[in-house]
Each structure stands twice: as structure tokens, then as C-alpha cells.
Amino acid sequence: MSRIHSAALAASAAIAFLVGVWAFVAPRSFYDSFPGVLGTWISTDGAFNEHLIRDVGAFYLGLGVASVAGLVWRSAGVFRTLGLAWTVFGALHLGYHVTHLGHQGAADDIAAITSLSIALALGVVLLIPGRDRGRADGAGAADAAGRASRVDASPARAPHEDASHVDASPARSAGPAASAPAQTRTATATTEVNR
């Protein structure tokens, strides 16, 4: 896959581990102060629920581990599968926040929508088919080399061999009944070429 796919997956994994570790390991801190420097987005939207926040952390950690695995086992199918997971999650998550504005300040709403839109865009990037130049070029070169070796591998024939080969072909396809006349024609053609 391309570098942009790898970068999108690495960024998604980084987001997942930041949110996942924080929410799972320190759910109260996550509730009180997430995302930290950008404001407090969780505590303004309902009562603290440790179970729910730890579940969110576990979910993000699962996506993060899958994203790291995707960076190890690189393939178009793995990248698209992870892109689908991140896109569905990102669209639903963004959709909730877009439809629940106003419980925090305008600056926090803008920051939340912007960051969630970026996370969604990373998932969408993973869905876009990439062109693997290294494999495509390598496959084309290997195909060309294979064709060249087949052409070079054909044995050179002397002129009299070519004549007998052409004349003997019908005899082989015609079966035993035609082999005597074909052998006569072959011998005649060989004699004519040798003169």
C-alpha cells in the first residue's frame, strides 16, 4: 500500500492508543478532563459512568491493536477492512456530536467536530484503493523477462530442419495412414533444400 495509507493507519492507531489507554486506565481523569488542552468534552454531557468509559477505552484499544497489526501485515484487504471499521465508527461518533451541540462552549464544539472529522477522514483514506507501484513495476518487469526468455529459449534450426519440420507436421496430425506419403514428401523437401 502507499505511504498515505500507512500514515493514515499510523495516525488512527495513535489516536486509538491515546484515547484507549487514558479511558481504560484512568476513567475518572478521562471523564473530568478529556481531551486536556482543548477543553473538557465528556463531563459536560452527562454523569460519570466508569463502566461506560472503560468500555470506550477497551473499544479504542481494540481498534488500535488492529491498526498496528495492519501496519505489520500490510495488504490492500487489511487496509480496507480497517478503513471500513474506522469509517463506520468515525461517522457514527461524529454524527452524535454534530446532533448534540450546545452543551459546551462554541470553541469546544468546533474543536470536537474538527478533531472527529479528521479521525473520520483517516478512515476514509484507508478505503481508497491504492496503487502499489513496487509490485506493479516488478510484475511488469518479471513478465517482460519471462517473454524474453521464452523467445531466447527457442532452438535455432538449420534451413533443412525447418523444411522437414513444416512438412512433417501434417503427417503427425493425420495419423499412421498418412505417414508414408508424408515421409516421402519430407525426404524430397530435405533433398531439395540440400541441393
Please tabulate, for side-chain N and O atoms in residues 14-25, each donor-acceptor pair with protein atoms closer than 3.5 Å (sequence neighbours left out).
| residue | atom | partner | partner atom | Å |
| --- | --- | --- | --- | --- |
| Trp22 | NE1 | Ser29 | OG | 3.1 |

Do [X] and [Y] land in one hydrophobic cluster if side-chain heavy atoms of ILVMFWY residues count as linked below 4.5 Å?
{"X": "Leu84", "Y": "Leu82", "value": "no"}
{"X": "Leu120", "Y": "Leu116", "value": "yes"}
{"X": "Leu101", "Y": "Leu92", "value": "no"}

Please examine the side chains of [Y] and [X], heavy atoms only from C-beta on, and report whether any two atoms are closer than 4.5 Å.
{"X": "Pro129", "Y": "Arg80", "result": "yes"}
{"X": "Ser115", "Y": "Trp41", "result": "yes"}
{"X": "Gln104", "Y": "Asp109", "result": "yes"}

Below 3.5 Å, can you tabulate the donor-acceptor pairs from side chains in residues 56-68 to any protein atom, sequence neighbours excluded?
| residue | atom | partner | partner atom | Å |
| --- | --- | --- | --- | --- |
| Ser67 | OG | Leu63 | O | 2.8 |
| Ser67 | OG | Trp86 | NE1 | 2.9 |

What is the minimum heavy-atom distance between Leu126 and Ala8, and which atoms define it?
CD2-CB, 4.1 Å
What is the minimum heavy-atom distance between Ser43 and Asp32, and which atoms define it?
OG-O, 4.0 Å
Tell me which pairs pass salt bridge (Lys or Arg N to Asp or Glu O under 4.0 Å) where either residue lies in residues 52-68, with sequence neighbours left out.
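Salt bridge (Lys or Arg N to Asp or Glu O under 4.0 Å) check on residues 52-68 returns Glu50-Arg54.
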If only atom types and distance count, is the side chain of Ser33 paired as donor or acceptor with the main-chain N or O of Phe30 below 3.5 Å?
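It does not hold such a pair.
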Looking only at atom types and distance, does a side-chain atom of Thr87 sit under 3.5 Å from a main-chain N or O of Val124, one as donor and one as acceptor?
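Checked: pair present.
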Quick one: name the residues clustered hydrophobically with Trp73, using the 4.5 Å side-chain heavy-atom rule over I, L, V, M, F, W, Y, and just say none if it's on its own.
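Val72, all in the cluster of Trp73.
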Atom CG of Leu122 and atom CG of Leu9: how far apart are they, to the nearest 0.5 Å?
9.5 Å
Rounded distance (nearest 0.5 Å) linking atom OG of Ser12 with atom CG of Leu71:
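CG of Leu71 is found 9.5 Å from OG of Ser12.
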Just checking, any donor-acceptor pair under 3.5 angstrom between side chains of Asp45 and Tyr31?
no
Check whether Phe79 forms a cation-pi arrangement with Arg74 (NZ or CZ under 6.0 Å from the six-membered ring centre, at most 45° off the ring normal).
no
In terms of the angle between their ring planes, are His93 and Phe89 parallel, tilted or perpendicular, with boundaries placed at 30° and 60°?
tilted
Listed partners of Ser117 passing side chain to side chain contact (heavy atoms under 4.5 Å, CB included), at least two apart:
Leu94, Ile113
Return the set of residues passing ring-ring contact (aromatic ring centres under 6.0 Å, His included) with His103 (not counting sequence neighbours), or none when no residue passes.
none
